[in-house]
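Structure first, commentary second.
For clarity, every value in this text was computed on a predicted model and none was experimentally measured. Below, chain A is the first sequence line, B the second, and so on; all start at residue 1. For the numbers below, each heavy atom of this structure counts, side chains included, while hydrogens, waters and symmetry mates do not.
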There are 2 protein chains.
Amino acid sequence: MNKRATIGDVAKLAGVSTATVSRVIHTPDLVTDSTRKAVYSAISQTNYTLNLAARNLRQQRSNAIVVLVPDIGNTFFSEILAGIERVASSAGQTILIGHTAHDHMREEKYLNNLLNSQADGALLLNGHLPASVATKIGETPGRRLPIVSVSEALADQIVPHVGIDNDRAAALVTQYLLDHGHRRIVHLRGPVSNILTCQRAKGFARTMKAAGLQVSPDMFLDGDFTIESGIAAASVLIAAGSMPDAVLCANDEMAIGLMSRLAEHGIHVPQDVSVVGFDDIAFSRTAQPALTTIHQPRAEIGERATRILLELIAGDNDASNMITTLPVELVERASVALNRGFTAT
Amino acid sequence: MNKRATIGDVAKLAGVSTATVSRVIHTPDLVTDSTRKAVYSAISQTNYTLNLAARNLRQQRSNAIVVLVPDIGNTFFSEILAGIERVASSAGQTILIGHTAHDHMREEKYLNNLLNSQADGALLLNGHLPASVATKIGETPGRRLPIVSVSEALADQIVPHVGIDNDRAAALVTQYLLDHGHRRIVHLRGPVSNILTCQRAKGFARTMKAAGLQVSPDMFLDGDFTIESGIAAASVLIAAGSMPDAVLCANDEMAIGLMSRLAEHGIHVPQDVSVVGFDDIAFSRTAQPALTTIHQPRAEIGERATRILLELIAGDNDASNMITTLPVELVERASVALNRGFTAT
DNA sequence: CATTCCTATGTAAAGGATTACATTGCTTCT
DNA sequence: AGAAGCAATGTAATCCTTTACATAGGAATG
């Protein structure tokens with residue numbers, strides 16, 4: 001028992017050929033009861049386990065998909081992952097999570113290493129497709145590379161995408177603030193290189209303009225989706241000396257960071273300033289006050305994306321589902337108040 | 001360009017043998033400048049990419065380690081993962097994250113599928129080793145299976161472990177509460193099947209006894225490490241009609257859930273009841289009030305565990321590091337008050 | 001009874017890399 | 001000049017499965 005048993009060892013012990021052993025594993029129905037039993041017994045005697053590297057090599061496929069996640073610590077992604085896993089595992093696919101940490105090198109590493117031999121397809125939650133891979137997509141126009149972008153859109157729409165309409169979601173929440181009488185609204189953005197950030201900022205600006213409000217650069221604060229950047233943004237507001245009516249944060253982490261810093265300074269949400277977030281992560285419910293935010297159907301986003309990916313892998317090249325947009329929902333909690341002295345029109 | 005180029009195609013185009021191409025990729029120094037250039041050029045002309053399945057098969061190793069995580073959404077794990085990745089990637093290992101969701105079937109699937117051919121070793125963050133794998137460890141006493149348990153200990157100490165001393169950490173924080181004059185302390189546990197839960201509960205009970213306090217079943221509440229179970233525990237306390245002096249929660253999520261529910265009922269932390277958590281996740285800083293908790297050196301835990309795993313894979317079977325215990329730190333924030341009418345002895 | 005068809009199994013060829021060993025020229029030393 | 005040693009490259013075996021094709025025996029059919 002020094003080395004791992006191979007299919008040959010099992011075959012010898014059971015007195016059959018390797019082909020038969022393989023059939024017992026793969027398609028048991030093709031094999032007689034008696035031989036099947038003999039093979040099973042030999043398998044357990046030898047402690048045989050399949051060598052997946054060999055199978056993958058032979059079958060030219062790995063039954064695994066790789067999921068690129070920019071930040072595992074962000075709870076927003078875990079529910080998407082849950083949806084992905086549900087569909088993938090019921091289709092017999094293993095999922096491999098690659099943590100990219102917003103690092104383009106890692107993205108490329110995971111995609112090159114895995115896509116080209118260890119995985120059959122990829123789900124991109126990171127909003128970035130390395131140039132080397134993008135090139136390859138262009139080169140094979142017939143057979144699309146099995147890649148789907150999820151939640152965060154790519155700069156070029158060259159692979160199918162599943163997500164929400166960020167522009168309209170931002171417009172929705174902006175209008176909600178306007179309806180509550182807020183006029184001086186500040187938008188705490190994500191990193192400007194992020195597509196999602198741009199879409200949300202656009203929806204915000206458009207809605208403000210439509211309400212007859214001037215959009216100026218000082219209505220924007222820059223963050224990077226972390227709690228810390230929310231805290232920093234609060235410090236900026238505090239230093240400025242006057243609070244806006246409301247702050248629209250591009251995600252919940254920043255909103256929570258912002259609120260905690262405001263609380264330290266005795267500034268009350270929503271009495272002194274209203275705050276809204278984006279994503280509806282678990283901690284938005286436990287924030288003080290509970291955070292009003294935009295809820296995304298995360299599990300469904302993951303499920304849909306995975307189904308599309310599986311179709312691509314199977315070769316069902318239905319171009320109809322290039323863009324899947326799922327609806328969002330505004331979750332009203334306690335972080336937005338009616339503006340002082342405002343009366344609904 | 002219908003099929004993927006193989007090393008043979010590159011060799012033909014460059015006018016060399018496959019061995020030379022392999023050497024250019026693997027050990028470029030062994031090859032002349034001119035041939036190296038020719039091979040590189042052939043590689044880019046053919047769009048050649050290595051087939052890792054073939055390499056893994058031949059080399060009998062995958063240069064990948066699998067990390068089993070029980071709950072990706074729990075922010076506690078992400079910093080451990082960051083430590084793991086730092087060490088692993090500098091050693092040229094890819095890491096594959098398997099999300100087990102506390103599901104023993106999945107644990108087994110990931111370990112069997114991956115350990116036996118797609119990964120060289122495993123890091124267990126899930127506190128459970130499937131029986132089928134445990135058996136195999138016993139069978140090969142000479143060559144230890146490359147597995148390391150991290151943070152959450154296993155029931156049987158059969159693989160190296162890296163983590164903290166949960167018993168003493170719980171004792172530390174319990175003593176801290178006692179020193180602040182609290183006597184009626186309730187411990188909100190994790191699931192009782194969890195080793196970590198038992199260790200922390202033991203440290204708590206021991207310290208209470210040492211202070212001359214009776215330990216009774218009604219000093220324990222049961223949770224499952226989720227925010228929801230923290231909220232539920234708060235409801236139980238509220239329904240009971242009287243608050244204890246302090247609540248020691250087995251993790252931060254539950255502490256945060258608990259505090260949010262108390263706040264809804266107008267019960268103030270720490271004036272009415274003190275609360276402490278465990279783990280020091282990012283959101284413990286933004287909680288209202290900021291949560292006093294036990295900080296674990298998460299990144300270092302991940303790094304140490306990975307180093308030990310790499311040694312095991314390399315065959316450096318140094319039995320000296322079966323148990324690595326790292327120090328914890330009590331982070332004082334704002335969720336613990338001096339008990340009313342208490343004077344330090 | 002001869003033919004055909006099926007079922008259960010075996011034989012052997014991929015699949016794409018790595019690598020031990022062999023080979024071929026050179027350089028260098030005596 | 002002959003021997004030895006070295007550097008660069010080639011040849012071919014190997015890793016372990018899957019699977020197309022072949023075969024053998026038995027049942028069904030005419």
Between [N] atom [atom2] and [X] atom [atom1], what is the distance in whole Å?
X: Arg58(B); N: dA12(D); atom1: CZ; atom2: P; value: 16 Å
X: Asp33(B); N: dT9(D); atom1: CG; atom2: P; value: 10 Å
X: Asp9(A); N: dC16(D); atom1: CG; atom2: P; value: 9 Å
X: Arg55(A); N: dC15(D); atom1: CZ; atom2: C1'; value: 17 Å
X: Ile25(A); N: dT18(D); atom1: CD1; atom2: P; value: 6 Å
X: Asn63(B); N: dA17(C); atom1: CG; atom2: C1'; value: 14 Å
X: Arg4(B); N: dA17(C); atom1: CZ; atom2: C1'; value: 11 Å
X: Leu50(A); N: dC16(D); atom1: CG; atom2: P; value: 12 Å

For the side chain of [X], counting heavy atoms from C-beta on, which of [options] is nearest?
X: Leu57(B); options: dT18(D), dT11(C), dG16(C); result: dG16(C)
X: Gln59(B); options: dT17(D), dA17(C), dT19(C); result: dT19(C)
X: Arg23(B); options: dT18(D), dT18(C), dT9(D); result: dT9(D)
X: Thr20(B); options: dG10(D), dA12(C), dG16(C); result: dG10(D)

Can you tell which of Thr6(A), Val10(A), Thr35(A), Leu13(A) makes a side-chain contact (heavy atoms from CB on, under 4.5 Å) with Val21(A)?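 One option only clears the test, and that one is Val10(A).
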For [X], which contact category applies under a 4.0 Å heavy-atom criterion: base, sugar-phosphate, or nothing?
X: Thr35(B); value: sugar-phosphate
X: Ser34(B); value: nothing
X: Leu52(B); value: nothing
X: Val31(A); value: sugar-phosphate

At less than 4.0 Å, is any side-chain N or O atom of [X] found next to OP1 or OP2 of [N]? Yes or no.
X: Ser22(A); N: dT18(D); answer: yes
X: Thr32(A); N: dT7(C); answer: no
X: Gln60(A); N: dG16(C); answer: yes
X: Thr6(B); N: dG16(C); answer: no

Nearest heavy atom decides the nucleotide; on that basis, is Ala19(A) or Arg36(B) closer to the 5' end of DNA chain D?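 Its nearest nucleotide being more 5', the pick is Arg36(B).
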Closest non-hydrogen atom pair between Ile72(B) and Ser78(A), with its separation: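 Answer, listing the atom of Ile72(B) first, then Ser78(A): C-CB, 4.3 Å.
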Are the side chain of Arg4(A) and the backbone N or O of Leu50(A) linked by a donor-acceptor pair below 3.5 Å?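 Side chain of Arg4(A) to backbone of Leu50(A): a pair is present.
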Do Glu85(A) and Arg106(B) have side-chain heavy atoms sitting under 4.5 Å apart?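 Yes, close enough: below the 4.5 Å cut-off.
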How about Arg36(B) and Val39(B): do any of their side-chain heavy atoms sit closer than 4.5 Å?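 No; the side chains remain at least 4.5 Å from each other.
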Residues, nucleotides or ligands: over 12 heavy atoms within 6.0 Å of Lys109(B) NZ: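 Counting other residues, nucleotides and ligands, NZ of Lys109(B) exceeds 12 neighbours.
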